[in-house]
Amino acid sequence: MTTLACMERRFFEPDAAQVAAALLGHYLVVGHGDSLRGGLIVETEAYRVDDPASHGFRGETARNRSMFGEPGTAYVYFIYGNHHCVNVVCRERGLAEAVLIRALAPRFGMEAMRRCRRGLPDRQWTSGPGKLCAALGIDRSHDGLDLCDSTSAVRLARHPNVAEARREQGPIVSGPRVGISKAATWPLRFRLAGSVFCSGR
DNA sequence: TAAGTGATGCAT
DNA sequence: TGCATCACTTAA
(Lines give C-alpha, C1' and ligand atoms only; values in the text may rest on other atoms or scores of the structure.)
Protein backbone atom coordinates (compact mmCIF):
# COMPACT_ATOMS: atom_id res chain seq x y z
CA MET A 1 0.00 0.00 0.00
CA THR A 2 1.55 3.19 -1.11
CA THR A 3 -1.05 5.42 0.50
CA LEU A 4 -0.34 4.67 4.17
CA ALA A 5 0.21 8.14 5.59
CA CYS A 6 0.46 8.31 9.38
CA MET A 7 -2.31 10.02 11.32
CA GLU A 8 -1.30 13.52 12.41
CA ARG A 9 -0.96 14.18 16.12
CA ARG A 10 -3.91 16.54 16.39
CA PHE A 11 -6.18 13.61 15.50
CA PHE A 12 -5.59 12.36 19.07
CA GLU A 13 -6.14 15.63 20.94
CA PRO A 14 -9.92 15.21 21.47
CA ASP A 15 -11.31 13.07 24.28
CA ALA A 16 -11.05 9.29 24.09
CA ALA A 17 -14.69 8.70 23.12
CA GLN A 18 -14.39 10.98 20.08
CA VAL A 19 -11.10 9.42 19.03
CA ALA A 20 -12.44 5.88 19.55
CA ALA A 21 -15.22 6.54 17.04
CA ALA A 22 -12.97 8.46 14.66
CA LEU A 23 -10.41 5.64 14.45
CA LEU A 24 -12.91 3.17 12.99
CA GLY A 25 -12.02 2.45 9.38
CA HIS A 26 -8.38 3.57 9.67
CA TYR A 27 -5.33 1.28 9.87
CA LEU A 28 -3.13 -0.13 12.63
CA VAL A 29 0.12 -1.47 11.17
CA VAL A 30 3.37 -2.98 12.47
CA GLY A 31 6.60 -3.05 10.49
CA HIS A 32 8.72 -6.20 10.73
CA GLY A 33 11.84 -5.48 8.74
CA ASP A 34 10.73 -5.11 5.13
CA SER A 35 7.30 -6.58 5.73
CA LEU A 36 4.15 -5.14 7.22
CA ARG A 37 1.31 -6.59 9.22
CA GLY A 38 -1.92 -4.90 10.10
CA GLY A 39 -5.53 -4.24 9.39
CA LEU A 40 -8.50 -1.95 9.43
CA ILE A 41 -9.77 -0.94 12.86
CA VAL A 42 -13.32 -2.26 13.39
CA GLU A 43 -13.70 -2.11 17.20
CA THR A 44 -12.43 0.27 19.89
CA GLU A 45 -13.08 1.11 23.53
CA ALA A 46 -12.53 4.46 25.25
CA TYR A 47 -11.07 4.96 28.75
CA ARG A 48 -11.60 8.39 30.25
CA VAL A 49 -9.61 10.45 32.73
CA ASP A 50 -12.48 10.27 35.26
CA ASP A 51 -13.03 6.57 34.62
CA PRO A 52 -12.72 4.10 37.53
CA ALA A 53 -12.06 1.30 35.03
CA SER A 54 -9.05 3.08 33.54
CA HIS A 55 -5.50 2.01 34.35
CA GLY A 56 -4.70 5.69 34.75
CA PHE A 57 -7.44 6.43 37.28
CA ARG A 58 -5.24 6.06 40.38
CA GLY A 59 -2.35 8.08 39.00
CA GLU A 60 0.89 7.42 37.22
CA THR A 61 2.92 4.25 37.86
CA ALA A 62 5.74 2.46 36.06
CA ARG A 63 3.18 0.33 34.20
CA ASN A 64 0.85 3.04 32.92
CA ARG A 65 3.39 5.86 32.43
CA SER A 66 2.82 6.16 28.69
CA MET A 67 -0.90 6.82 29.26
CA PHE A 68 0.16 10.22 30.59
CA GLY A 69 2.28 11.03 27.53
CA GLU A 70 1.70 12.92 24.31
CA PRO A 71 -1.42 12.24 22.26
CA GLY A 72 -0.65 9.55 19.70
CA THR A 73 1.58 7.55 22.06
CA ALA A 74 1.19 3.76 22.30
CA TYR A 75 0.25 2.28 25.68
CA VAL A 76 0.84 -1.49 25.64
CA TYR A 77 0.07 -3.55 28.74
CA PHE A 78 0.37 -7.23 29.71
CA ILE A 79 -2.67 -8.89 31.27
CA TYR A 80 -3.80 -12.25 32.69
CA GLY A 81 -0.29 -13.64 32.44
CA ASN A 82 -0.69 -14.24 28.71
CA HIS A 83 -1.88 -11.35 26.64
CA HIS A 84 -0.87 -7.92 25.43
CA CYS A 85 -3.29 -5.12 24.55
CA VAL A 86 -2.55 -1.91 22.66
CA ASN A 87 -4.02 1.54 23.30
CA VAL A 88 -3.71 4.95 21.68
CA VAL A 89 -3.18 7.83 24.11
CA CYS A 90 -5.47 10.87 23.71
CA ARG A 91 -5.66 14.45 25.01
CA GLU A 92 -2.74 16.51 26.26
CA ARG A 93 0.29 15.26 28.18
CA GLY A 94 -0.54 14.61 31.83
CA LEU A 95 -4.18 13.56 31.24
CA ALA A 96 -4.61 9.79 31.11
CA GLU A 97 -7.10 9.03 28.36
CA ALA A 98 -6.71 6.21 25.88
CA VAL A 99 -8.47 4.09 23.28
CA LEU A 100 -8.09 0.31 23.41
CA ILE A 101 -7.91 -1.24 19.93
CA ARG A 102 -10.22 -4.26 20.26
CA ALA A 103 -10.44 -5.71 16.75
CA LEU A 104 -9.11 -5.39 13.20
CA ALA A 105 -10.10 -6.66 9.79
CA PRO A 106 -6.85 -8.27 8.55
CA ARG A 107 -5.32 -6.48 5.52
CA PHE A 108 -1.50 -6.69 5.45
CA GLY A 109 0.91 -9.54 6.17
CA MET A 110 -1.77 -12.21 6.03
CA GLU A 111 0.60 -15.19 6.00
CA ALA A 112 2.61 -13.92 8.97
CA MET A 113 -0.58 -13.35 10.93
CA ARG A 114 -1.86 -16.80 10.07
CA ARG A 115 1.37 -18.30 11.43
CA CYS A 116 1.20 -16.25 14.62
CA ARG A 117 -2.39 -17.42 15.09
CA ARG A 118 -1.54 -21.11 14.71
CA GLY A 119 -3.25 -21.53 11.35
CA LEU A 120 -6.69 -20.65 12.71
CA PRO A 121 -9.36 -19.24 10.34
CA ASP A 122 -8.91 -15.54 9.52
CA ARG A 123 -11.86 -14.48 11.64
CA GLN A 124 -9.89 -15.52 14.71
CA TRP A 125 -6.65 -13.72 13.90
CA THR A 126 -7.46 -10.21 15.12
CA SER A 127 -11.01 -10.36 16.58
CA GLY A 128 -9.99 -9.36 20.12
CA PRO A 129 -7.46 -7.06 21.80
CA GLY A 130 -5.11 -9.88 22.84
CA LYS A 131 -5.50 -11.76 19.59
CA LEU A 132 -4.59 -8.80 17.43
CA CYS A 133 -1.43 -8.15 19.43
CA ALA A 134 -0.43 -11.79 19.00
CA ALA A 135 -1.13 -11.63 15.24
CA LEU A 136 0.78 -8.37 14.76
CA GLY A 137 3.60 -9.19 17.19
CA ILE A 138 2.91 -6.30 19.57
CA ASP A 139 4.33 -6.52 23.13
CA ARG A 140 5.64 -4.34 25.96
CA SER A 141 8.72 -3.46 23.92
CA HIS A 142 6.39 -1.26 21.84
CA ASP A 143 5.03 0.62 24.86
CA GLY A 144 5.59 4.36 24.54
CA LEU A 145 6.19 4.41 20.76
CA ASP A 146 4.95 7.38 18.77
CA LEU A 147 2.15 6.03 16.59
CA CYS A 148 2.28 9.21 14.45
CA ASP A 149 5.91 8.63 13.44
CA SER A 150 6.35 6.77 10.14
CA THR A 151 9.65 5.36 11.45
CA SER A 152 8.00 3.69 14.48
CA ALA A 153 7.52 -0.07 14.34
CA VAL A 154 3.86 0.37 15.33
CA ARG A 155 1.82 3.16 13.79
CA LEU A 156 -1.63 4.34 12.82
CA ALA A 157 -2.33 5.20 9.21
CA ARG A 158 -5.09 7.14 7.54
CA HIS A 159 -7.41 5.22 5.23
CA PRO A 160 -7.48 7.18 1.96
CA ASN A 161 -11.23 6.63 1.70
CA VAL A 162 -12.43 6.04 5.24
CA ALA A 163 -16.00 7.05 4.36
CA GLU A 164 -16.23 4.19 1.90
CA ALA A 165 -14.73 1.72 4.37
CA ARG A 166 -17.34 2.76 6.92
CA ARG A 167 -20.14 2.47 4.38
CA GLU A 168 -19.04 -1.05 3.55
CA GLN A 169 -18.57 -2.26 7.10
CA GLY A 170 -20.84 0.03 9.10
CA PRO A 171 -22.94 1.23 10.64
CA ILE A 172 -20.93 2.63 13.56
CA VAL A 173 -22.63 1.60 16.79
CA SER A 174 -21.71 2.26 20.41
CA GLY A 175 -22.58 0.24 23.49
CA PRO A 176 -21.42 -0.99 26.89
CA ARG A 177 -17.81 -1.99 27.46
CA VAL A 178 -16.87 -5.60 28.06
CA GLY A 179 -14.53 -7.51 30.35
CA ILE A 180 -14.49 -4.93 33.13
CA SER A 181 -16.29 -4.65 36.48
CA LYS A 182 -16.33 -0.87 36.99
CA ALA A 183 -18.36 1.52 34.85
CA ALA A 184 -18.92 -1.27 32.33
CA THR A 185 -22.23 0.21 31.19
CA TRP A 186 -20.74 3.49 30.01
CA PRO A 187 -21.39 3.44 26.24
CA LEU A 188 -17.72 3.73 25.31
CA ARG A 189 -17.32 0.72 23.04
CA PHE A 190 -17.50 1.49 19.33
CA ARG A 191 -17.58 -0.84 16.36
CA LEU A 192 -18.32 -1.20 12.67
CA ALA A 193 -21.30 -3.48 13.15
CA GLY A 194 -21.18 -4.93 9.64
CA SER A 195 -17.73 -6.43 10.13
CA VAL A 196 -17.35 -10.12 10.91
CA PHE A 197 -14.03 -9.30 12.61
CA CYS A 198 -15.52 -7.64 15.73
CA SER A 199 -14.70 -9.41 18.99
CA GLY A 200 -18.29 -10.40 19.76
CA ARG A 201 -17.85 -10.38 23.55
C1' DT B 1 -18.24 -22.24 31.82
C1' DA B 2 -13.92 -22.26 33.93
C1' DA B 3 -8.95 -22.65 34.12
C1' DG B 4 -4.65 -20.63 33.20
C1' DT B 5 -1.11 -17.24 33.52
C1' DG B 6 1.92 -13.64 36.01
C1' DA B 7 2.20 -8.69 36.91
C1' DT B 8 0.18 -5.19 39.70
C1' DG B 9 -1.29 -2.72 43.70
C1' DC B 10 -3.11 -2.36 48.09
C1' DA B 11 -3.49 -4.37 52.65
C1' DT B 12 -0.93 -6.36 56.30
C1' DT C 1 5.10 -10.41 52.17
C1' DG C 2 0.47 -11.95 50.91
C1' DC C 3 -3.49 -11.95 48.22
C1' DA C 4 -7.26 -10.32 45.32
C1' DT C 5 -7.79 -8.54 40.99
C1' DC C 6 -7.20 -8.16 36.20
C1' DA C 7 -9.35 -3.50 29.60
C1' DC C 8 -8.25 -11.95 27.86
C1' DT C 9 -8.15 -16.45 25.41
C1' DT C 10 -8.80 -21.22 24.88
C1' DA C 11 -10.51 -25.62 25.66
C1' DA C 12 -14.41 -28.06 27.13
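Per chain, numbering begins at 1; letters A, B, ... match sequence-line order. The figures here come from the full heavy-atom set of this structure, side chains too, leaving out hydrogens, waters and symmetry mates.
The two residues A:M67 and A:A98 have their closest heavy-atom pair at CE-CB, 3.8 Å. Considering every non-hydrogen atom in both A:A20 and A:F190, the closest pair reads CB-CD1, 3.6 Å.
Nucleic acid contact for A:R117: sugar-phosphate only, since backbone atoms but no base atoms lie under 4.0 Å from a heavy atom of the residue. Among the protein residues, A:R140 comes within range of no part of the nucleic acid, since none of its heavy atoms lies under 4.0 Å from any strand. As judged by a 4.0 angstrom heavy-atom cut-off over every strand, A:R177 is placed among residues making no nucleic acid contact.
Classification of A:R177 and A:E45 as a salt-bridged pair fails, no side-chain N sitting under 4.0 Å from a carboxylate O. A salt bridge does not link A:R65 with A:D143: none of the charged nitrogens is closer than 4.0 Å to a carboxylate oxygen.
Contact of the A:D146 side chain with the A:T73 side chain is not registered, since no non-hydrogen atoms from C-beta on lie closer than 4.5 Å.
OP1 or OP2 of B:dG9 lies within a sub-4.0 Å distance of a side-chain N or O belonging to A:T61.
A:H83 NE2 to A:Y77 OH: the interatomic distance, rounded to the nearest 0.5 Å, is 10.5 Å.
Helical stems of DNA chain B (runs of at least 3 Watson-Crick or G-U pairs, donor-acceptor distances under 3.5 Å) are listed by first residue: B:1-4 with C:8-11, B:6-11 with C:1-6.
With A:S127 as reference, A:K131 is the one residue of A:R123, A:K131, A:Q124 to meet the side-chain hydrogen bond (donor to acceptor under 3.5 Å, both in side chains) rule.
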* To do: Decide side-chain contact (heavy atoms from CB on, under 4.5 Å) for A:F197 and A:L104; before the verdict, give the C-alpha distance in whole Å, the side-chain angles of both, and the deciding distance to 0.1 Å.
  => CA-CA 6 Å; A:F197 295 99; A:L104 306 177; over 6 Å; no
* Determine, stepwise, if the pair A:C148 / A:E70 fulfils side-chain contact (heavy atoms from CB on, under 4.5 Å). => CA-CA 11 Å; A:C148 305; A:E70 293 294 318; over 6 Å; no
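Where DNA chain C meets chain A (any atom under 4.0 Å from a heavy atom), the bounding nucleotides read 5' to 3' are C:dC6 to C:dA11.
The interatomic distance linking A:D139 (CG) with B:dA7 (C1') rounds to 15 Å, in whole Å.
Within residues 73-86 of chain A, the residues that place at least one heavy atom under 4.0 Å from DNA chain C are, in residue-number order, A:Y77, A:I79, A:Y80, A:H83, A:C85.
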